[in-house]
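Read through the structure below, which is laid out as structure tokens, and then see the notes.
Here is the naming used below: chain letters follow the sequence lines, and residue numbers restart at 1 for every chain. Small disclaimer: the values here were computed from a predicted structure and weren't measured.
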Number of protein chains: 2
Amino acid sequence: MTSSTATAAPSPEVGDGRRRILEAAAELFQVRGYAETSTRTIAEAVDMRAASIYHHFDSKDALLTEILAIGMQAVTDAFDAAELATEPDETGAQRLQRHVTAHLDALFGHKAFTAAHVTVFPFVPAAVRVASVEDRDRYEARWTDLLGSIAPELDPSQVRVVRLSLFGVMNSTLDWFDPAAEGSLDELANAFVSTLWSGLGTVGGGN
Amino acid sequence: MTSSTATAAPSPEVGDGRRRILEAAAELFQVRGYAETSTRTIAEAVDMRAASIYHHFDSKDALLTEILAIGMQAVTDAFDAAELATEPDETGAQRLQRHVTAHLDALFGHKAFTAAHVTVFPFVPAAVRVASVEDRDRYEARWTDLLGSIAPELDPSQVRVVRLSLFGVMNSTLDWFDPAAEGSLDELANAFVSTLWSGLGTVGGGN
DNA sequence: GTCTATACATTGATAGAC
DNA sequence: GTCTATCAATGTATAGAC
């Protein structure tokens, strides 16, 4: 935090109202839904009037579009970081688990923004969907490549099922896993990958 | 179909508009969302005016409540049937697979009604949620019992994770699996259970 | 059981003062 | 950058004719 000027930010709610609007809206969209949340409700959450939102965003749709972009950026950055951490002699399971952990970390680290992709996305207006779909496709393609290289014995159709199932499990954790109360995301990722790799017998039974 | 009177139903769209409203609304809620679908749009889908809906249902919320109840009935009936089909000498994996198949069959057999529980439920008005939560809790409890009896080596917290993960996968199939184009739900259930039981190595590799 | 007509609230968004 | 005031559109729902 380099305070270059004398008028350094005094309040904890520093900076632009823009970011505060984004965060409040993302939270409300996640909990109540997009159509269910009015611009007045968003404004109320940040102690403003609805009209002020339109100084920062062209429309409610534009606000949602940016929220979705932030969510995709979070998981994409996490994927990049996990990829960079690759070690030459690691096993496929180790590499997969690092990526699963990275995805879960990004999911819960920016929950309101990433959850929008899981719960709100199916119902977003068509214009918003097309604005996000490229980023989403790119992220899915990276996972397809990852899984294909980790499990080369699977054909493309099997890779697809594994990828979509894995996403189904990982994204569902947003609804039922609480990192603060239940333990680390790394343990959860380990449980997922070891089950996917070796089955429940390994997890519940022997080693 | 006992046609007791001479004025038997001639058209394929027989009977009450009530059922037609339910099915059109369920379909629209699944695709567009609840708040995003107006009563006018529902009426248009069944060639009526919005006011006519209120002859059959007290409110839009009441219509959604009944859709959710139908969805829960479908999966509950399927669970009952799968339980009745239990054979004395079957393995845990066989019993589990029958239940997974039953759940998937019910999911896709009444897709609009069951999908409402997955995609729409998080955002339904509080009054609608409380009306459905009992049925949902009961269904979850049955799965908890089932998994606990099949895998007694798991502690309750592990059973919870397995149950919620399994639901995460199964419910996600509504988004990406097409029984008409991709093959039987029984094969999909088999892939899920064998992976859960023995890991990916079994599915993709050897036997 | 479906219609027309309408009441009434809420919505996304804009204009213009400060 | 936030406000007040306001508009036009759309929402759920009701009343009453047919």
Just jot down the salt bridge (charged side-chain N to carboxylate O under 4.0 Å, His left out) partners of [X], sequence neighbours excluded, or say none.
X        : value
A:Asp80  : A:Arg142
B:Glu23  : B:Arg19
B:Arg138 : B:Asp135
B:Asp61  : none

Proximity to DNA chain C (any heavy atom under 4.0 Å), residues of residues 49-59 of chain B only
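Here the set is B:Arg49, B:Ala51, B:Ser52, B:His55, B:His56.
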Using a strict heavy-atom distance below 4.0 Å, which residues from residues 26-45 of chain B are in contact with DNA chain C?
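Going residue by residue through residues 26-45 of chain B, none turns out to have a heavy atom under 4.0 Å of DNA chain C.
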Evaluate the ring planes of A:Tyr139 and A:Trp143, with Trp represented by its six-membered ring, and classify them as parallel (under 30°), tilted (30 to 60°) or perpendicular (over 60°).
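Because their plane-to-plane angle is over 60°, the rings of A:Tyr139 and A:Trp143 count as perpendicular.
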By the salt bridge (charged side-chain N to carboxylate O under 4.0 Å, His left out) test, which pairs, at least two apart or in different chains, include something from [range]?
range                       : answer
residues 29-54 of chain A   : none
residues 64-74 of chain B   : B:Arg18-B:Glu66
residues 178-196 of chain A : A:Glu182-B:Arg160
residues 162-171 of chain B : B:Glu140-B:Arg163

Walk along DNA chain D from 5' to 3' and tell me the first and last nucleotide with an atom closer than 4.0 Å to a non-hydrogen atom of chain A.
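First-to-last contact on DNA chain D, by the 4.0 Å heavy-atom rule, is D:dG1 to D:dT6.
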Using whole Å, what does the distance between atom P of nucleotide C:dT11 and atom CG of A:Leu63 come to?
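Rounding to the nearest Å, CG of A:Leu63 and P of C:dT11 are 16 Å apart.
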Taking distance alone, no hydrogens or angles, what donor-acceptor pairs closer than 3.5 Å link side-chain atoms of residues 72-79 of chain B to residues at least two apart or in another chain?
{"from": "B:Gln73", "atom 1": "NE2", "to": "B:Asp77", "atom 2": "OD1", "distance (Å)": "3.0"}
{"from": "B:Thr76", "atom 1": "OG1", "to": "B:Met72", "atom 2": "O", "distance (Å)": "2.8"}

